[in-house]
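Worksheet for the structure shown next.
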Amino acid sequence: MALLTDLLNLDLTDSTEKIIAEYIWIGGSGMDLRSKARTLPGPVTDPSKLPKWNYDGSSTGQAPGEDSEVILYPQAIFKDPFRRGNNILVMCDCYTPAGEPIPTNKRNAAAKIFSNPAVAAEEPWYGIEQEYTLLQKDINWPLGWPVGGFPGPQGPYYCSIGAEKSFGRDIVDSHYKACLFAGINISGINGEVMPGQWEFQVGPSVGISAGDQVWVARYILERITEIAGVVVTFDPKPIPGDWNGAGAHTNYSTESMRKDGGFAVIVAAVEKLKLRHKEHIAAYGEGNERRLTGKHETADIHTFSWGVANRGASIRVGRETEQNGKGYFEDRRPASNMDPYVVTAMIADTTLLWKP
């Protein structure tokens with residue numbers, strides 16, 4: 001009798017050319033990931049060769065019951081670390097049967113910005129630092145924390161090792177390797193300041209691919225925590241009080257910023273971001289006001305600031321960028337639950353297209 005794990009790990013490549021494609025999309029809350037699988041006749045590497053599909057939008061808060069069909073457009077393909085073989089994960093966005101993007105489809109608007117010739121010519125690079133918190137299932141309390149109680153104050157936990165300081169490393173390392181297997185340009189991981197909190201970094205990624213990769217990395221993380229019986233939250237302030245919140249710091253550069261003399265281009269871009277501070281904050285994640293308090297390595301939500309090597313500023317410019325006179329800057333305002341399509345496109349729009 002085969003064990004369940006034996007069947008889960010079956011390699012189909014020797015017995016059939018057919019593959020399984022897991023279609024992934026973003027649900028009605030803007031943060032809930034959904035997916036379903038279908039069988040295809042053979043391997044596929046080009047998303048334009050994949051069939052469109054549909055789902056019941058009334059069950060995801062994205063369509064009324066009397067007209068519930070939403071159409072999935074395949075946009076990006078990744079290798080499937082769960083089924084392996086030639087099986088794939090497919091990042092999709094969502095449209096009405098008439099071909100109009102539904103209101104929760106943020107990718108469509110972002111793709112228009114990134115396909116603008118003025119933006120494409122500057123080849124915008126992004127590096128996104130996705131923070132998240134692991135919670136004990138059923139009680140929604142951080143992993144490693146005593147039930148109904150608190151660990152010792154922050155200080156020993158950042159980038160820490162040891163059973164009394166580091167909680168969930170098996171999940172984090174599994175996620176790291178699964179993302180590399182999938183083809184996501186995950187560039188690192190680390191333990192964060194609050195115990196039970198971690199971070200992974202995606203990038204450098206160009207344009208719309210940054211959003212695709214972050215969303216699929218989130219999907220893989222949720223699947224792994226499902227297997228581990230742990231809950232992942234992207235809440236920007238999961239524990240009130242003297243504990244660090246969770247952000248998604250977004251590092252950004254354009255070709256002009258990366259060239260000699262780029263520091264002046266960076267300063268000009270930051271000045272434009274200052275003028276649109278309120279608009280960016282409104283789009284940078286729900287509940288961000290609980291995180292951006294001016295404490296715990298954040299700038300106050302109402303006040304725009306920037307500085308070199310200043311982690312308490314809205315925008316941080318690295319010391320190396322200052323010394324080289326070119327490079328990138330870090331927007332520290334986005335919350336951990338931000339939509340990477342919205343944030344990356346908005347930064348490009350403000351710095352490259354918007355005229356004050």
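Hydrogens, waters and symmetry mates play no part in the numbers below; they use all other heavy atoms, side chains included.
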Same cluster (ILVMFWY, side-chain, under 4.5 Å), Trp53 and Val70: yes
hydrophobic_cluster_shared for Val90 and Ile71, side chain cutoff 4.5 Å: no
Rounded distance [0.5 Å steps], CD in Glu199 versus NE2 in His249: 7.5 Å
Any side-chain heavy-atom pair of Ile184 and Val216 under 4.5 Å: yes
Ion pair Lys112/Asp349, N-O distance below 4.0 Å: no
Flag for Arg258-Ser253: side-chain donor and acceptor within less than 3.5 Å: yes
Met338 vs Ile128 side-chain heavy atoms within contact, under 4.5 Å: yes
Within 6.0 Å of CD in Glu271, more than 12 heavy atoms from elsewhere: yes
Crowding at CG, Leu7 (>12 non-hydrogen neighbours, <6.0 Å): yes
Worked check of side-chain contact (heavy atoms from CB on, under 4.5 Å) between Tyr252 and Glu330: CA-CA 6 Å; Tyr252 171 72; Glu330 175 192 41; over 6 Å; no
Exam field: side chain Asn9 to backbone Thr5, donor-acceptor pair closer than 3.5 Å: yes
Nearest-0.5 Å distance that lies between atom OG1 in Thr233 and atom CG in Asn337: 8.0 Å
Flag for Ser35-Tyr219: side-chain donor and acceptor within less than 3.5 Å: yes
Between CD1 on residue Ile113 and CD1 on residue Ile347, distance to nearest 0.5 Å: 11.0 Å
Distance-only side-chain donor-acceptor flag, Ser256 / Glu122, under 3.5 Å: yes
Carboxylate-amine/guanidinium proximity below 4.0 Å for Asp235 and Lys237: no
Glu129-Asn251 side chain donor-acceptor pair, cut-off 3.5 Å: yes
Charged tip of Arg218 within 45° of Phe234 ring normal and under 6.0 Å: yes
Polar contact flag, side-chain donor to acceptor under 3.5 angstrom, His296-Asp242: yes
Test item: side-chain donor near acceptor, Ser209 and Asp212, under 3.5 Å: no
Pair Asp339, Trp215: side-chain N/O donor-acceptor within cut-off below 3.5 Å: yes
Side-chain donor-acceptor contact under 3.5 Å, Gln62 with Thr104: yes
Main-chain N/O of Glu222 paired to Thr225 side chain as donor or acceptor, under 3.5 Å: yes
pair His280-Leu273: side-chain heavy atoms closer than 4.5 Å: yes
Nearest-0.5 Å distance, OG of residue Ser305 to NE2 of residue His277: 8.0 Å
Nearest heavy-atom neighbours spanning Ala348 and Val119: CB-CG1, 4.2 Å
Lys36 to Tyr23, cation-pi by 6.0 Å centre distance and 45° axis angle: no
Any side-chain donor near an acceptor of the partner, Asn108 and Tyr95, under 3.5 Å: yes
Heavy-atom closest pair, residues Ile77 and Pro47: CD1-N, 3.6 Å
No-hydrogen, no-angle side-chain donor-acceptor test under 3.5 Å, Arg333 and Ser314: no
Check: Asn105 main-chain N/O paired with Asp93 side-chain donor or acceptor under 3.5 Å: no
Between Ser48 and Asp46, a side-chain donor and acceptor under 3.5 Å: yes
Lys/Arg N to Asp/Glu carboxylate O, Arg319 vs Glu322, below 4.0 Å: yes
Parallel, tilted or perpendicular: ring planes of Trp243 versus Phe150, cut at 30 and 60 degrees: parallel
Criterion side-chain contact (heavy atoms from CB on, under 4.5 Å) on Met257 and Phe329, from CA distance to verdict: CA-CA 9 Å; Met257 294 174 189; Phe329 66 83; 3.8 Å; yes
Centroid separation Tyr55 to Trp25 less than 6.0 Å: yes
Side chain to side chain, Val230 and Gln136, heavy atoms closer than 4.5 Å: no
Any Ile301 side-chain heavy atom under 4.5 Å of Ile281 side chain: yes
Donor + acceptor pair across side chains of Tyr158, Asn190 (<3.5 Å): no
Derivation and outcome, side-chain contact (heavy atoms from CB on, under 4.5 Å), residues Leu135 and Trp141: CA-CA 5 Å; Leu135 305 176; Trp141 200 236; 5.9 Å; no
Heavy-atom closest pair, residues Pro156 and Ser160: O-CB, 3.1 Å
Asp300 side, atom CG; Glu289 side, atom CD - distance, nearest 0.5 Å: 11.5 Å
Ring-face cation contact, Phe82 with Arg223, 6.0 Å cut, 45° max: yes
Parallel, tilted or perpendicular, as decided by the 30° and 60° cut-offs, for the rings of Trp306 and Phe263: tilted
Shortest non-hydrogen separation from Glu131 to Ser336 and the atoms involved: O-CB, 3.4 Å
Asn244 side, atom CG; Gln197 side, atom CD - distance, nearest 0.5 Å: 6.5 Å
Side chains of Asp80 and Phe181 in contact at under 4.5 Å (non-hydrogen atoms): no
Any Ser29 side-chain heavy atom under 4.5 Å of Asp32 side chain: yes
Expected output: side-chain Tyr157 to main-chain Gly152 donor-acceptor under 3.5 Å: yes
Side chain to side chain, Thr298 and Thr293, heavy atoms closer than 4.5 Å: yes
Minimal non-hydrogen separation, Leu292 against Ala299, with atom names: CB-O, 3.5 Å
Sub-6.0 Å ring centroid separation between Tyr176 and Phe200: no
